[in-house]
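This report concerns only the one structure given below.
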Amino acid sequence: MTRDQRILLIIGGGVAAYKSLALIRLLARKGIKTRAILTKAGAEFVTPLSVAALTEDKVYQDLFSLTDEAEMGHIELSRQADLIVAAPATADLMAKAAQGLASDLASTALLATDKPVLMAPAMNVRMWLHPATQRNLARLKADGVRFVEPEEGPMACGEFGVGRMAEPETIAAAVEAFFSLSVTPQTLAGKRIIVTAGPTIEPLDPVRFLSNRSSGKQGYAIAESLARLGADVRLVSGPVALEAPSRVKLSLVETAREMLAACEAALPADAAVCVAAVADWRPEDPAAAKLKKDKIGAQPALALVENPDILKTLSRKGPRRPRLVIGFAAETNDVEAHAKAKIAKKGCDWIIANDVSGDVMGGDANTVMVIRGDAVDLWPPMSKTAVADRLAQAVAEALTP
Ligand code: C5P
């Protein structure tokens with residue numbers, strides 16, 4: 001980490017604004033400087049004086065402040081930092097940013113900036129779950145905004161649910177992961193990396209299929225982070241409701257056999273990261289026409305055959321084996337022991353294991369254990385994009401001689 005990383009922190013109006021003060025201190029300790037915009041509502045929760053004292057800088061509050069504009073125009077303010085962090089990002093701030101409104105200094109900075117944006121939302125659970133906020137969230141993600149998703153717990157308003165702003169440590173980890181990635185020059189340039197993501201679907205007949213639960217979020221995030229480091233990423237994905245990350249070559253497949261064929265077509269590769277939730281079995285003999293209830297009796301017999309194991313196949317020793325093969329393991333208990341056994345069984349180099357007994361599937365946060373031979377690292381809870389950034393960094397280190 002170099003010493004001159006700068007963020008522009010937008011402090012929105014929410015009780016969580018006090019956590020932003022802790023965030024400024026945490027970042028300062030890591031050598032990341034903060035300049036702050038305090039919204040009108042934000043100033044109801046924390047004082048400009050405390051923000052100024054912690055940032056050791058002027059605090060920006062008004063769009064139409066003659067003195068501020070004379071010192072530094074709002075456009076310049078929005079572009080001076082390497083990253084804009086909105087924490088707490090209120091429902092109102094998200095809505096304005098999703099719409100492209102520029103009605104105050106914070107929203108104007110978000111619209112005028114040419115820098116990446118990271119938001120840490122904080123709001124009441126009903127506001128968070130409201131279709132309008134979820135729509136804005138999806139819109140902002142599609143626009144490339146990164147998120148540290150809110151957490152579940154008791155809220156200042158007395159309710160319980162998702163909407164509490166992530167802890168300052170979690171936001172600081174996401175900022176750090178972003179910087180450790182962006183300061184690194186294109187360390188994966190010239191390296192081809194295969195990433196599998198999403199579920200596979202295995203047809204029973206033309207309308208029915210067997211599948212696994214998988215949103216594809218973690219795999220897509222990894223593909224994107226690797227591409228940001230300059231890798232030639234071949235993302236082989238089952239059906240998911242996600243946009244293809246930019247700068248990534250996407251092959252869309254449905255079955256495990258198609259996924260394996262697409263991976264093999266992408267060889268030779270320097271690394272493979274198998275994140276897909278591949279169906280272990282497929283119906284042996286899918287019907288050419290829709291199975292009819294009245295024709296097959298009470299219950300159709302389901303004869304299954306085993307699907308190829310893509311991770312195991314790619315890990316097989318030989319001239320075409322990628323130098324680094326990484327698998328994922330979703331476990332509900334004895335995570336470390338099961339993950340170590342999986343390395344041996346599959347022949348891969350690393351396993352990223354996570355405990356899925358909680359709410360990981362389809363969610364945006366993840367707590368993972370990284371097993372590289374005998375070395376076991378437990379990473380702190382972080383967003384799936386932060387896991388992806390950190391993993392991409394580790395891959396780059398492993399592939400660089
Ligand atoms: O055996 P299990 O499904 O728990 O292993 C998970 C790991 O193996 C993941 O990395 C997954 O992508 C990969 N896998 C695969 N092909 C399969 C089954 C799992 O690549 N048929």
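What you see below is based on every heavy atom in this structure, not just the backbone, and it leaves out hydrogens, waters and symmetry mates. Every number for a ligand or one of its atoms is a count from 1 in the order of the listing. For clarity, every value in this text was computed on a predicted model and none was experimentally measured.
Given atom 17 (C) of ligand 1, the protein heavy atom at minimum distance is V278 CB, 3.4 Å. Of the protein's non-hydrogen atoms, the one nearest atom 11 (C) of ligand 1 is A276 O, 3.2 Å. Summary of contacts: the protein heavy atom closest to atom 4 (O) of ligand 1 is K342 NZ, 2.4 Å. Protein heavy atom closest to atom 16 (N) of ligand 1, with residue, atom name and distance, is I310 N, 3.0 Å. Shortest contact from atom 21 (N) of ligand 1 to any protein heavy atom: P308 O, 3.0 Å. At the shortest separation from atom 6 (C) of ligand 1 among protein heavy atoms lies F328 O, 3.0 Å. What sits closest to atom 1 (O) of ligand 1 on the protein, heavy atoms only, is K346 NZ, 2.9 Å. Among protein heavy atoms, atom 13 (C) of ligand 1 sits closest to L311 CB, 3.7 Å.
Q80 and R35 form a side-chain donor-acceptor contact under 3.5 Å, judged by distance and modelled atom types alone. Looking at E202 and T200, their side chains do bring a donor and an acceptor atom within 3.5 Å of each other.
Using a cutoff of 4.0 Å between basic side-chain nitrogens and carboxylate oxygens, E331 and K342 are scored as salt-bridged. One finds a salt bridge joining K346 and D309 here, because a Lys/Arg side-chain nitrogen approaches an Asp/Glu carboxylate oxygen to under 4.0 Å.
In terms of polar-atom proximity, C274 is counted as a contact of ligand 1, with an N or O under 3.5 Å from an N or O of the ligand.
Side-chain atoms of Q61 and L105, non-hydrogen and from C-beta on, never get closer than 4.5 Å to each other. A heavy-atom distance below 4.5 Å is not found between the side chains of E176 and R390. T255 is not listed as a side-chain neighbour of R282, based on a closest heavy-atom distance of 4.5 Å or more.
Heavy atoms only, all atoms of each residue included: L54 and I24 are closest at O-CG2, 3.7 Å.
Residue contact check: G327 has heavy atoms under 4.0 Å from atoms 10 (O) of ligand 1.
Ligand 1 has no atom lying under 4.0 Å from any heavy atom of N307.
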